[in-house]
Structures are given as structure tokens and as C-alpha cells.
Amino acid sequence: MITNIPDSIYKLKKLSTLFLSKNKLSSIPDNISELQSLNRLDVRCNQLRKIPTSIWSFENLLYLNLSSN
């Protein structure tokens with residue numbers, strides 16, 4: 001189970017899909033906005049209480065699943 005998104009993931013500038021569902025994430029860091037190539041983000045079934053406003057700055061984001069948090 002993942003409880004935090006590791007900082008090393010933000011070095012993957014060409015990352016387009018990130019599935020982190022069914023973990024124990026309580027937050028998404030603001031620096032998620034560094035992943036500008038991201039077009040699919042699935043963080044369903046975690047323990048998220050809030051999401052950063054920077055998530056809305058993604059120009060290529062086509063799929064976002066925040067359900068069951």
C-alpha cells in the first residue's frame with residue numbers, strides 16, 4: 001500500500017498515465033502539476049480529503065477518477 005506519492009515520480013516528465021487506486025493516499029501534493037504530460041490519473045479508493053488546485057492546470061488530462069475517497 002502506498003501512503004505517499006514518492007518525489008521521484010515527478011522526474012518522469014513524459015508520464016502519461018498514473019494509476020494509484022486502492023492505496024492509502026491521504027493527499028496529492030501540489031507538485032503533481034509538474035507532470036504536464038499526464039492524461040490519465042486514477043486515485044480512486046484512497047483516503048483523499050482534498051486535491052490540489054494545480055490538478056486543474058493539466059492541459060492534457062482526459063481521465064480523472066477520484067471516486068470512493
Side-chain angles (χ1 to χ4, degrees):
M1 291 277 176
I2 297 173
T3 57
N4 292 309
I5 299 173
D7 286 338
S8 58
I9 205 162
Y10 302 110
K11 294 178 182 176
L12 304 172
K13 301 299 182 189
K14 294 186 179 184
L15 184 70
S16 63
T17 302
L18 182 57
F19 286 101
L20 293 170
S21 61
K22 299 182 182 175
N23 283 290
K24 294 195 181 241
L25 293 173
S26 60
S27 66
I28 298 173
D30 279 332
N31 53 344
I32 189 109
S33 63
E34 294 175 27
L35 300 175
Q36 283 298 309
S37 294
L38 203 62
N39 60 36
R40 295 180 61 84
L41 177 60
D42 188 332
V43 288
R44 65 188 151 88
C45 300
N46 278 283
Q47 299 171 351
L48 297 173
R49 301 215 183 274
K50 65 177 190 171
I51 57 170
T53 55
S54 62
I55 207 164
W56 307 117
S57 69
F58 289 114
E59 292 181 13
N60 299 315
L61 193 63
L62 301 172
Y63 176 85
L64 173 62
N65 192 339
L66 298 165
S67 64
S68 299
N69 278 287

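Worth saying up front: this structure is predicted, and the values here are computed from it rather than measured.
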Self-check item: Any donor-acceptor N/O pair, Asn69 side chain to Asn46 backbone, under 3.5 Å
Solution: yes
Self-check item: Asp42 vs Tyr63 side-chain heavy atoms within contact, under 4.5 Å
Solution: yes
Quiz item: How many angstroms lie between atom CD of Gln47 and atom OG of Ser26, to the nearest 0.5 angstrom?
Solution: 7.0 Å
Quiz item: Nearest heavy-atom pair of Pro52 and Pro29: which atoms, and what distance?
Solution: CG-O, 3.7 Å
Quiz item: Hey, is the main chain of Met1 close enough, under 3.5 Å, to the side chain of Asn23 for a donor-acceptor pair?
Solution: no
Quiz item: Looking at OG of Ser68 and CZ of Arg44, how far apart are the two atoms once the value is rounded to the nearest 0.5 Å?
Solution: 8.5 Å
Quiz item: How does the hydrophobic cluster around Ile51 look, that is, which other residues are in it when side-chain heavy atoms under 4.5 Å mark a link?
Solution: Ile2, Ile5, Ile9, Tyr10, Leu12, Leu15, Leu18, Leu20, Leu25, Ile28, Ile32, Leu35, Leu38, Leu41, Val43, Leu48, Ile55, Trp56, Phe58, Leu61, Leu64, Leu66
Quiz item: How would you list, by chain and number, every residue that makes a salt bridge (Lys or Arg N to Asp or Glu O under 4.0 Å) with Lys13, sequence neighbours excluded?
Solution: Glu34
Quiz item: To the nearest 0.5 Å, what is the distance between OG (Ser27) and CZ (Arg49)?
Solution: 11.0 Å
Quiz item: Any donor-acceptor pair under 3.5 Å linking the side chain of Ser54 with the backbone of Asp30?
Solution: yes
